[in-house]
Number of protein chains: 2
Amino acid sequence: MASQTEENYLKALYSLSVGKMEVNISELSAALNVSNPTVNSMVKNLKSKGLVKYEKYKPISLTEKGRKAAALIVRKHRLTEMFLVEKMGFGWEEVHEIAEQLEHVNSSALFERMDELMDHPLVDPHGSPIPDRQGNISESAYEPLSKFSSGRKVKLAALGHSSTEFLKFLNSRELSLGTEIEIKSIETYDGSMVLSYQNHASETFTKAVCESLLVERVG
Amino acid sequence: MASQTEENYLKALYSLSVGKMEVNISELSAALNVSNPTVNSMVKNLKSKGLVKYEKYKPISLTEKGRKAAALIVRKHRLTEMFLVEKMGFGWEEVHEIAEQLEHVNSSALFERMDELMDHPLVDPHGSPIPDRQGNISESAYEPLSKFSSGRKVKLAALGHSSTEFLKFLNSRELSLGTEIEIKSIETYDGSMVLSYQNHASETFTKAVCESLLVERVG
DNA sequence: CTAATATGTTAGAGTCTTCTAACAAATGTT
DNA sequence: AACATTTGTTAGAAGACTCTAACATATTAG
């Protein structure tokens, strides 16, 4: 069983390797807020446990064993987030910090019960897919809103990231998952988009925001 | 904020000092499964934080600050146990291990939400009182069944301890909190009691068991 | 292609929690 | 009271995770 610290390294490696497959020492230390030497020695430790592939001065990657271990932690994290929102009435901006702690709890019974009580949800409150019990995860096919052009109608399906600030911002604009959005116009100068949805006839969002709004086509 | 380890020492001190007020180094090390020297140094550490009173070769006691800190951990533990039983469908024999981990989670929001969702329960699934937000706990006025005499009718209100084995034993006899019990007879030789309750006309329990069944008078 | 910069590594140390071995104090027994 | 036993303490060390300072290797820019 990996320690809580080791689990956090695996999880960070997992999210940093989305798409990329390989991760720097420095990226990891930035993500975990520890120094490079600390990461260096922990990576050696994880290597000795067969959880990462690593050679001096080369980038790090998860082994299959490490990838699965990480996915199972992500599963616990996302099931918890969904449970807190669905069954306990928390807002989607409140659950990350709590799930960050609960994800290390050692009790498959607890998480499987959450899973059952929610009828096996496929995604967390931010639209990120929940890995299954075997650690398999379905890659989401959603695209950033910024890729689409004027006139297009889409539905908000997930978020590129889910920092508390971003979630509070979306709350303030009354934008939530499942909302149907129409692109009214795009500012060519800075890529900002004017959108229409629900009772918001015209809201402007920066390009950065639109890159983090993952959507699917409608109609 | 106390570390998880420190919290476990406080909690152990708290339960060992029920009634007694003072605790030995050896009792603590037995309860926590660590060596005497380990306890000795941790107790010095807790003393330096103002959580315990302690002098060389003397027994240990919690300060008011320590007592409150411990009670708040017990509050989190018992709220969690009750939540797992009431809202997640676990059996009373399954929840201790999970609560043992969840009690260290740092999130008053989580535990206050549990409290609200259950409408501020007063006791945990084993009948032990839940301390309030200020760390105050109502001493239970229940007495062990073994104190009563033949013919007496009582109601099972709480348990003296709640080890998994004991709980499974009670499950096997279909005995749960709230059950009304009549003492049919008492064996003078070994103090075992013959009880009648619900659809169990005659069940014999050892004195040791009856000392852990806390009851209140009925009728 | 060298020099400057960025990135990674090693060495040595500190904190927290734990241990064992050896010693000291308190308690119980005849 | 004197001895034996139990209980508590000190000293020294180890493992996990972290740091800073100093050094080594890679990468980037002129």
Side-chain angles (χ1 to χ4, degrees), chain A residues 1-14 16-17 20-62 65-66 69-70 73 100-101 103-106, chain B residues 1-14 16-17 20-63 66 69-70 73 100-101 103-106:
Chain A
M1 180 60 46
S3 74
Q4 207 154 305
T5 310
E6 289 168 335
E7 289 192 347
N8 284 333
Y9 279 80
L10 290 176
K11 196 160 57 95
L13 271 167
Y14 185 81
L16 289 173
S17 25
K20 233 181 324 178
M21 282 299 89
E22 291 190 323
V23 179
N24 284 334
I25 293 269
S26 295
E27 287 177 81
L28 241 193
S29 51
L32 291 165
N33 251 291
V34 295
S35 70
N36 275 11
T38 301
V39 171
N40 186 272
S41 60
M42 180 53 90
V43 165
K44 285 176 182 169
N45 166 43
L46 294 174
K47 183 187 176 180
S48 80
K49 297 190 172 180
L51 294 162
V52 304
K53 277 199 287 282
Y54 171 65
E55 299 302 332
K56 259 192 188 184
Y57 295 103
K58 298 271 174 61
I60 311 150
S61 61
L62 287 166
K65 183 180 168 190
I73 301 159
E100 205 71 9
Q101 299 181 64
E103 73 193 2
H104 301 295
V105 167
N106 192 306
Chain B
M1 181 60 46
S3 74
Q4 206 154 307
T5 310
E6 290 167 335
E7 290 192 347
N8 283 333
Y9 278 80
L10 290 176
K11 196 161 56 93
L13 272 167
Y14 185 82
L16 290 173
S17 26
K20 233 180 327 178
M21 281 301 88
E22 293 192 320
V23 179
N24 285 333
I25 294 268
S26 294
E27 288 177 81
L28 241 193
S29 52
L32 291 164
N33 250 293
V34 295
S35 70
N36 275 10
T38 301
V39 171
N40 187 274
S41 61
M42 180 54 90
V43 166
K44 286 175 183 169
N45 166 42
L46 294 175
K47 183 186 174 180
S48 80
K49 297 190 173 179
L51 295 163
V52 305
K53 277 199 287 284
Y54 171 65
E55 298 304 329
K56 258 194 186 183
Y57 294 104
K58 297 270 173 60
I60 311 151
S61 61
L62 287 166
T63 61
I73 302 158
E100 205 70 9
Q101 298 181 66
E103 73 192 4
H104 301 295
V105 167
N106 193 306

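Per chain, numbering begins at 1; letters A, B, ... match sequence-line order. In this text the structure is predicted, and so the values were computed from the model without any measurement.
Atom-to-atom, CD of A:Q4 to C1' of C:dC16 comes out at 15 Å; the value is rounded to the nearest Å. Going from atom CG of B:L28 over to atom P of C:dT18 covers 12 Å, rounded to whole Å. Atoms CG (A:L32) and P (D:dT18) sit 8 Å apart, rounded to a whole Å. Atom CD in A:E7 sits roughly 15 Å away from atom C1' in D:dC17 (whole-Å rounding). Residue B:N8 contributes atom CG, which lies 17 Å from atom P of C:dC16 at whole-angstrom precision. Across the protein-nucleic acid pair, A:N45 atom CG and D:dG15 atom P stand 13 Å apart, rounded to whole Å.
Contacts of B:E103 classified as salt bridge (Lys or Arg N to Asp or Glu O under 4.0 Å), with partners at least two apart in sequence or in another chain: B:K11. For A:N36, the side chain to side chain donor-acceptor pair (under 3.5 Å) partners are A:S26, A:S29, not counting sequence neighbours. Applying the side chain to side chain donor-acceptor pair (under 3.5 Å) test to A:T38 and every residue at least two apart in sequence or in another chain returns A:S35. B:E22 pairs by the salt bridge (Lys or Arg N to Asp or Glu O under 4.0 Å) definition with nothing, not counting sequence neighbours. For A:K53, there are no salt bridge (Lys or Arg N to Asp or Glu O under 4.0 Å) partners at least two apart in sequence or on another chain.
Among the protein residues, A:T5 comes within range of the sugar-phosphate backbone only, with heavy atoms under 4.0 Å from sugar or phosphate atoms but none that close to a base.
Using modelled atom types, one finds no donor on one side chain facing an acceptor on the other under 3.5 Å when comparing A:Q4 with A:H104.
Set against C:dT17, C:dC19, D:dC17, the side chain of B:T38 has C:dC19 as its closest nucleotide.
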Base versus backbone protein contacts along nucleotides 3-11 of chain C [heavy-atom cut-off under 4.0 Å; B, S, -] = ----SSBB-

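In this structure, A:S35 does not reach the D:dT18 phosphate: none of its side-chain N or O atoms is under 4.0 Å from OP1 or OP2.
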